[in-house]
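In what follows, a structure is listed as structure tokens, so that the remarks can point back to it.
Proteins get letters first, then strands, A, B, ... in listed order; numbering begins at 1 in each.
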Protein chains: 2
Amino acid sequence: MLNLTKKADYGLMALKYLAEHPETVAMSAKDIADAYGIPAQLLAKILQKLTKSGLLKSHAGMNGGYALARDAREISAYEVIHSIDGPFFITSCTKGTNGCELTPSCTIKEPLARVNETIAGVLRSISIYDLSDHEQTAGQSERSSPLVSLAR
Amino acid sequence: MLNLTKKADYGLMALKYLAEHPETVAMSAKDIADAYGIPAQLLAKILQKLTKSGLLKSHAGMNGGYALARDAREISAYEVIHSIDGPFFITSCTKGTNGCELTPSCTIKEPLARVNETIAGVLRSISIYDLSDHEQTAGQSERSSPLVSLAR
DNA sequence: TGAAACGCGGACAGATTTGGTCGTATACTA
DNA sequence: TAGTATACGACCAAATCTGTCCGCGTTTCA
């Protein structure tokens, strides 16, 4: 199906939300969850993962919560998805540490590995900032660089 | 996890196999399954789907089997995946016919829809022929066109 | 004309993944 | 020390995926 898990969606939404509220020092998992109507405890676990990956900073205790560890422009969708869902591979055989032993004749994964890398590149080129609504819709200044360039 | 299902893998492998044996009039599902060591009955159902989608031609009866309905260059990986796994969307909310009603605030899917379209474009640009081993590794004549070009 | 080889298609069971909850421990603040 | 928040593991339910079984229609060939 080639789709992200709901967890990754939630993670992206949460980071987007944080990016849109830069004035707030920290937002609790519950605040964000309520804003989007997603399960608070589930989101909490997702944010914990993102914290462990270094994308978020956490602060326990009263008035605690989460905040972006870096500028929204410096956090790519790829990092978020990778942190939550783990390394993704388009082919199911590339999963294990050892290639598909069962089907040594699976010669298909070599070409698809390039496709995989292309998709990863696309996701790497998207930042949380790109996802968020930044109202200053002036000229598309930093839109000059192509999102993808794939050479063989 | 953003990966293809095993069925899609199997389907691509089977088409690749057919593309590499153009001299054969028809190959039975069992033949292909044996060649790769994948479950024959499962592959049979996959090939049936591909037949219904018009990517394969089938022939029942003795010495029957499947053959590519078009030239391998004219069948894209996108078509194969789409036939087997159905329409894929990177975001889980874009799934239903109606957007995510539960979370009307899910403003994330709009930017990701473009990513989705990019990935689809990549897959559309890959043909079964690209996957197969075509021994005439002369000059990369038809490799001049870029696989992806994404403008905003 | 009948048997063998093959595609067609639904039903279904087992395995795996995902989504979500609960409980408890820990950290910080007032 | 009470209250609020993160941290983390165990656990369950639902959905999905993988694979099998079975009966049927079709074609070929002896």
Checklist entry - To the nearest angstrom, how far is A:L55 atom CG from D:dT6 atom P? => result 17 Å
Item to check | For atom CG of A:L4 and atom C1' of C:dT17, their distance in whole Å | outcome: 15 Å
Item to check | Contacts of B:D34 that satisfy side chain to side chain donor-acceptor pair (under 3.5 Å) - sequence neighbours left out | outcome: B:K30
Checklist entry - Heavy atoms under 4.0 Å, any strand shown: does B:K52 hit a base, just sugar-phosphate, or nothing? => result sugar-phosphate
Item to check | A:K6 NZ to D:dA13 P, straight-line distance once rounded to whole Å | outcome: 18 Å
Item to check | Those residues that, when tested against A:E20, pass side chain to side chain donor-acceptor pair (under 3.5 Å) (two or more places apart) | outcome: A:K16
Tabulate atom names and distances for all N/O pairs under 3.5 angstrom spanning the protein and nucleotides 3-5 of chain D.
from	atom 1	to	atom 2	distance (Å)
D:dA5	O4'	A:G61	O	3.3

Checklist entry - For A:T51 and D:dT6, is the shortest distance between a side-chain N/O and OP1 or OP2 below 4.0 Å? => result no
Can you list, pair by pair, the side-chain donor-acceptor contacts under 3.5 Å of residues 51-62 of chain A, counting residues two or more places apart and other chains?
from	atom 1	to	atom 2	distance (Å)
A:T51	OG1	A:L47	O	2.7
A:S53	OG	A:K49	O	3.0
A:S53	OG	A:S83	OG	3.1

Next on the checklist: Expressed as a whole number of angstroms, how long is the span from B:N3:CG to D:dC17:C1'?
Outcome noted: 11 Å
Item to check | Gap between atoms CD1 and C1', on A:I84 and C:dT18 respectively (whole Å) | outcome: 14 Å
Checklist entry - Can you check whether B:S58 has a side-chain N or O nearer than 4.0 Å to OP1 or OP2 of C:dC8? => result yes
Item to check | For A:A44, side chain to side chain contact (heavy atoms under 4.5 Å, CB included) partners two or more places apart | outcome: A:A29, A:Q48
Checklist entry - A:Y10 side chain N/O closer than 4.0 Å to the phosphate oxygens (OP1, OP2) of C:dG19? => result no
Checklist outcome for this item: Minimal heavy-atom distance between A:S127 and A:R73, with the atoms involved, is CB-O, 3.6 Å
Checklist entry - Can you tell which of D:dT18, C:dT21, D:dT20 lies closest to the side chain of B:K7? => result D:dT18
Next on the checklist: Tell me which one of B:I81, B:L123, B:V80 satisfies side-chain contact (heavy atoms from CB on, under 4.5 Å) with B:L4.
Outcome noted: B:I81
Item to check | Pairing residues for B:P39 by the side chain to side chain contact (heavy atoms under 4.5 Å, CB included) criterion, not counting sequence neighbours | outcome: B:Y10, B:L42
Next on the checklist: Just to be sure I understand the geometry, which residues of residues 40-49 of chain B put a non-hydrogen atom under 4.0 Å away from DNA chain D?
Outcome noted: B:Q41, B:L42, B:K45
Item to check | side chain to side chain contact (heavy atoms under 4.5 Å, CB included) partners of A:Q41, counting only residues at least two apart | outcome: none
Next on the checklist: Nearest whole Å is fine: how far is C:dA27 C1' from A:K57 NZ?
Outcome noted: 18 Å
Checklist entry - Taking only residues two or more places apart in sequence or in another chain, which ones pass side chain to side chain donor-acceptor pair (under 3.5 Å) with B:D31? => result B:S28
